[in-house]
Amino acid sequence: MNDIEIFKKINNQQISGIMFHNQMIKYYDFLGFRCFKRMHEYYYFKENASNDTINRYVINHLNKIIINADINYYFKIPENWENVNRLSVQNENRKSYLKQGIEKMHEFEIKSKEVYQNAYKELCNLGEVASAKKVMQLVEYVDMELKEVERLYLKLQKIDFDLKVIETFDNEMHDCYKEKTKNIGIDIC
């Protein structure tokens, strides 16, 4: 496998991430979870910026371009939700959907870390040290993101996904991610 094929795998994972977070924004907004909607907005914009950075790196350092290929949705909102009024969703269902969403995010971030770590190893094996260093930034970022997701998941498990308790930290978490979103930038090569 050559360097462009490795970066194509990274690009595809990032595009899947962008689509995943886009779906989760709608999912949580529909369910009335402002804090989780805002969290996914942050990750959506962060993933877009990261993808721009990787693509610019490939163009400006490898003198190549990545053409999007086989990209699949990792998560899709069920189509039958189009026929549901969000005001009619029962709290037990909201609780269940919240848990499913967090679990999907956790699975997705584990997969992303695996893709980026494998890309790093493959680039090192090719002797592409500078490219491997760029990918290591992705590994470190997704590792921290995974840590955040796991802490959130544990927090929600400890309160048994209690909607009344979640409501007590909804505004604080919403505002935290709103501020974090303001600091997203693109590392242009």
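As the structure is a prediction and not an experimental result, all values here were calculated from the model.
Lys99 contributes atom NZ, which lies 11.5 Å from atom CD1 of Ile102 (distance to the nearest 0.5 angstrom). Between atom CZ of residue Phe161 and atom CZ of residue Arg94 there is a gap of 16.0 Å, rounded to the nearest 0.5 Å. Here the straight-line distance linking atom CG of Leu126 with atom CD of Glu5 works out to 9.5 Å at 0.5 Å rounding. Taken from CE in Met19 to OG in Ser16, the straight-line distance is 5.0 Å, to the nearest 0.5 Å. Taking NZ of Lys178 as the reference point, atom CG of Asn171 lies at 10.5 Å (rounded to 0.5 Å). Considering NE2 of His61 and CZ of Phe7, their distance stands at 10.0 Å, rounded to 0.5 Å.
Connectivity analysis of hydrophobic side chains (ILVMFWY, heavy atoms under 4.5 Å, direct or indirect) links Leu146 to Ile110.
Under the 4.0 Å criterion applied to side-chain N and carboxylate O atoms, Arg38 and Glu41 are assigned as salt-bridge partners. Using a cut-off of 4.0 Å between Lys/Arg side-chain N and Asp/Glu carboxylate O, Lys64 and Asp3 are scored as salt-bridged. Salt bridge status for Glu179 with Lys182: present, with a side-chain N to carboxylate O gap under 4.0 Å. A salt bridge links Lys95 to Asp160: one of the charged nitrogens lies within less than 4.0 Å of a carboxylate oxygen.
Annotation for His40 and Phe20: closest pair CE1-CE2, 4.1 Å, computed over non-hydrogen atoms. Nearest heavy-atom pair across Asp170 and Cys35 is OD1-N, 3.0 Å.
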(request) Kindly determine whether Glu47 and Asn51 satisfy side-chain contact (heavy atoms from CB on, under 4.5 Å), including the steps that lead there. (result) CA-CA 6 Å; Glu47 196 79 45; Asn51 184 252; 5.7 Å; no
(request) For side-chain contact (heavy atoms from CB on, under 4.5 Å), just list the numbers for Ser131 and Leu62, CA-CA rounded to whole Å, side-chain angles, deciding distance to a tenth of an Å, and then say yes or no. (result) CA-CA 9 Å; Ser131 293; Leu62 304 179; 3.7 Å; yes
(request) Give the C-alpha distance, both sets of side-chain angles, the deciding distance and a yes or no for side chain to side chain donor-acceptor pair (under 3.5 Å) between Ser96 and Gln100. (result) CA-CA 6 Å; Ser96 174; Gln100 289 171 28; 3.1 Å; yes
(message) side-chain contact (heavy atoms from CB on, under 4.5 Å), that's the test. Do Ile10 and Asn12 meet it? Break it down for me.
(response) CA-CA 5 Å; Ile10 292 168; Asn12 290 350; over 6 Å; no
(message) What verdict does the side-chain contact (heavy atoms from CB on, under 4.5 Å) test give for Glu140 and Met136, after you've listed the backbone C-alpha separation in whole Å, the side-chain angles of each residue and the deciding distance to 0.1 Å?
(response) CA-CA 6 Å; Glu140 291 168 348; Met136 179 52 76; 3.7 Å; yes
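No side-chain heavy atom of Lys113 sits less than 4.5 Å from a side-chain heavy atom of Leu138. Under the 4.5 Å side-chain criterion, counting only non-hydrogen atoms from C-beta, Asp143 is not in contact with Glu109. Residues Tyr42 and Met39 fail the side-chain proximity criterion, which asks for heavy atoms closer than 4.5 Å. Side-chain contact between Leu156 and Val165 is absent, with no heavy-atom pair separated by less than 4.5 Å. Val84 has its side chain within reach of Val89: a pair of non-hydrogen atoms, C-beta onward, lies under 4.5 Å apart. You'll find the side chain of Gln14 stays beyond 4.5 Å of the side chain of Lys9, heavy atoms only. Between Thr53 and Gln137 there is no side-chain heavy-atom pair separated by less than 4.5 Å. Under the 4.5 Å side-chain criterion, counting only non-hydrogen atoms from C-beta, Val58 is not in contact with Asn55.
Relative to the six-membered ring of Phe30, Lys37 misses at least one condition, a distance below 6.0 Å or an angle of at most 45° to the axis.
For Phe33, the ring-ring contact (aromatic ring centres under 6.0 Å, His included) test picks out Phe36, with sequence neighbours left out. Applying the side chain to side chain donor-acceptor pair (under 3.5 Å) test to Gln117 and every residue at least two apart in sequence or in another chain returns nothing. In this structure Tyr44 satisfies the ring-ring contact (aromatic ring centres under 6.0 Å, His included) test with no other residue, sequence neighbours excluded. Partners of Lys76 according to the side chain to side chain donor-acceptor pair (under 3.5 Å) rule, which considers only residues two or more places apart in sequence or in another chain, do not exist here. Take Tyr97 and apply the ring-ring contact (aromatic ring centres under 6.0 Å, His included) test, not counting sequence neighbours, and it matches Trp81.
In the model, Asn125 has no side-chain atom that pairs as donor or acceptor with a side-chain atom of Lys121 under 3.5 Å. Defined by atom type and a distance below 3.5 Å, a donor-acceptor pair is missing between the side-chain atoms of Tyr74 and Gln23. Side-chain contact annotation: Glu148 with Tyr43, donor-acceptor N/O pair under 3.5 Å present. A donor-acceptor contact closer than 3.5 angstrom is absent between the side chains of Asn48 and Asp52.
Judged by distance alone, with hydrogens and angles left aside, the side-chain atoms of Asn22 form no donor-acceptor pair with the main-chain N or O of Ile18 at under 3.5 Å. With Ser112 contributing its side chain and Phe108 its backbone, the two residues share a donor-acceptor pair below 3.5 Å.
For Phe75 and Tyr27, the ring centers sit closer than 6.0 Å to each other.
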